[in-house]
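Residue indices begin at 1 and follow the sequence shown.
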Amino acid sequence: MDSLPLDLSHPAVRDYLSLIRLQVLTPLSLLINIATLLVCSVIVKPSVGSIIETHPTSISPSPSLIAAYVVVILLGQIGYCTLLVIARKPETKTTLVKGVGLSLVFANWLMALWAVFWVLEFFLISTVLLGLLVLCLLYSNIALLTYHPPTSSRPLDMALIHAPLRFFLILPLSLLFPYSLFITLGMYFSPSNPEHYARFAWPGFGVTFGANLIGLAVVLMRCDIVWAVAATWICASIWSARPKPAPVYITVILFTVLHPLALLGTLLYRRLTKREGRVALPPDEEHRGPREVDGLWGSN
């Protein structure tokens, strides 16, 4: 055969091949990520969770709550992989190929590598990998919101593309990366000296306050349910791991309340403004009545 019967330079053919590539590489990367996390969390000693317990900082989370968060991320990716196979709408396929692309594949590999170096206690490498993970997920989320924004006409896209990618981003962005950075910089205390828990309280306050303030702004501006749930979950994981210095503890307790309130307030505000828009009469309706009355009077 001298040449393929397909024109590989045609955009439709290239998009089709890209989709086939994603249908193979994305589930494979997810399986590798799941297997690596299971081995590093259950079989290997020290495990991912025990490293958190032996290196407490002012922003250390509860390992069990973070493990549950990661399970939700993986379940969301299973739904994403299912959509990769069953997608029929051209808009959905375009979102998968050009909005997400290989960034989720790279993210799964980065998270698997992070788990390996984390249990080996190579914290500098772990921090670098988490930084790359944040950049990779940030790029895909910005591309989705900019070029393929969520729409109610495609609810599966919102539930299985936008939501899992955003939920995945929030964990390393607001918790794992700064926590790993704290350990790399030596900003932790020994579990045998719990009285030192208040050390580095203000850097922890700065991280928790800054990350949650950004999240609160996103919830207020975009009425983002995923961000509100994820940020509240992470705040709960931080204050449930005791002891905590007062600035950090008060901050995460405060935002645990503020995120749901901001979401409910934004939903209520949008509902009321939409209802007012429906009740208001169009401009031409305001003058139609008087013209009809004038006509009746003229006929008499």
With side chain to side chain donor-acceptor pair (under 3.5 Å) as the criterion, how do N108 and Q77 come out once you've worked through the C-alpha distance, each side chain's angles and the decisive distance to 0.1 Å? CA-CA 10 Å; N108 280 323; Q77 287 199 51; 2.8 Å; yes
Would you check if [X] and [Y] make a side-chain contact, meaning some heavy-atom pair closer than 4.5 Å?
| X | Y | value |
| --- | --- | --- |
| M111 | V70 | yes |
| I66 | L175 | yes |
| S47 | V119 | no |
| W109 | N33 | no |
| E53 | P63 | yes |
| L30 | Y80 | no |
| R154 | T95 | yes |
| P178 | I59 | yes |

Quick one: sort the F117 and F122 rings into parallel, tilted or perpendicular, breaks at 30° and 60°.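 Rings of F117 and F122: tilted, as their planes differ by 30° to 60°.
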Look at the aromatic rings of F167 and Y69 and report parallel, tilted or perpendicular, splitting at 30° and 60°. parallel
Return the minimal non-hydrogen interatomic distance between [X] and [Y], and the atom names on each side.
| X | Y | result |
| --- | --- | --- |
| M158 | P150 | CG-CB, 3.7 Å |
| L83 | L156 | CD2-O, 4.0 Å |
| A236 | T256 | N-OG1, 4.1 Å |
| K89 | S153 | NZ-O, 3.6 Å |
| V248 | A201 | CG2-O, 3.7 Å |

Would the number of heavy atoms belonging to other residues, nucleotides or ligands and lying under 6.0 Å from CZ of F189 be above 12? yes
Heavy-atom count around W233 CH2 within 6.0 Å, excluding the residue itself: above 12? yes
Apply the test side chain to side chain contact (heavy atoms under 4.5 Å, CB included) to residues V100 and L22: give CA-CA distance (whole Å), side-chain angles for both, the deciding distance (0.1 Å), then the verdict. CA-CA 10 Å; V100 181; L22 290 178; over 6 Å; no
Can you confirm if the aromatic rings of F205 and W202 lie within a centre distance of less than 6.0 Å? yes
Full working for side chain to side chain contact (heavy atoms under 4.5 Å, CB included) between I51 and W118: CA-CA 8 Å; I51 295 292; W118 182 257; 3.3 Å; yes
Distance from [X] atom [atom1] to [Y] atom [atom2], nearest 0.5 Å?
| X | Y | atom1 | atom2 | result |
| --- | --- | --- | --- | --- |
| L65 | C235 | CG | SG | 12.0 Å |
| T184 | F177 | OG1 | CZ | 8.5 Å |
| L185 | F200 | CG | CZ | 9.0 Å |

If two hydrophobic side chains count as joined below 4.5 Å and joins carry through other members, does [X] share a cluster with [Y]?
| X | Y | value |
| --- | --- | --- |
| M221 | L267 | no |
| V97 | Y16 | no |
| L145 | L96 | no |
| Y139 | I214 | no |
| I234 | I250 | no |

Walk me through it: do S29 and T26 pass the test side chain to side chain donor-acceptor pair (under 3.5 Å)? CA-CA 5 Å; S29 68; T26 306; 5.4 Å; no
Do H259 and N212 have a side chain donor and acceptor closer than 3.5 Å?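 Distance-only check passes for H259 and N212.
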To which residues is V257 joined in a hydrophobic cluster, defined by side-chain heavy-atom contacts under 4.5 Å among Ile, Leu, Val, Met, Phe, Trp and Tyr, whether direct or through other members? L261
Do V24 and L28 pass the side chain to side chain contact (heavy atoms under 4.5 Å, CB included) test, and can you show the C-alpha distance, the side-chain angles, and the key distance before you say yes or no? CA-CA 6 Å; V24 175; L28 179 62; 5.5 Å; no
Just do the side chain to side chain contact (heavy atoms under 4.5 Å, CB included) check on Y269 and R271 with the steps written out, would you? CA-CA 5 Å; Y269 173 77; R271 193 177 191 88; over 6 Å; no
Does a side-chain N-to-carboxylate-O contact under 4.0 Å join R166 and D224? yes
Does K244 use its side chain to pair, donor to acceptor, with the backbone of S60 at less than 3.5 Å?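 Yes: the side chain of K244 pairs with the backbone of S60.
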Which residues pass the ring pair (Phe, Tyr, Trp, His ring centres under 6.0 Å) test with Y188, sequence neighbours left out?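 Residues passing ring pair (Phe, Tyr, Trp, His ring centres under 6.0 Å) with Y188: H55.
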Enumerate the salt bridge (charged side-chain N to carboxylate O under 4.0 Å, His left out) contacts for residues 21-36, please, sequence neighbours excluded, ordered by first and then second residue.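 Counting only pairs at least two positions apart or across chains, no salt bridge (charged side-chain N to carboxylate O under 4.0 Å, His left out) contact touches residues 21-36.
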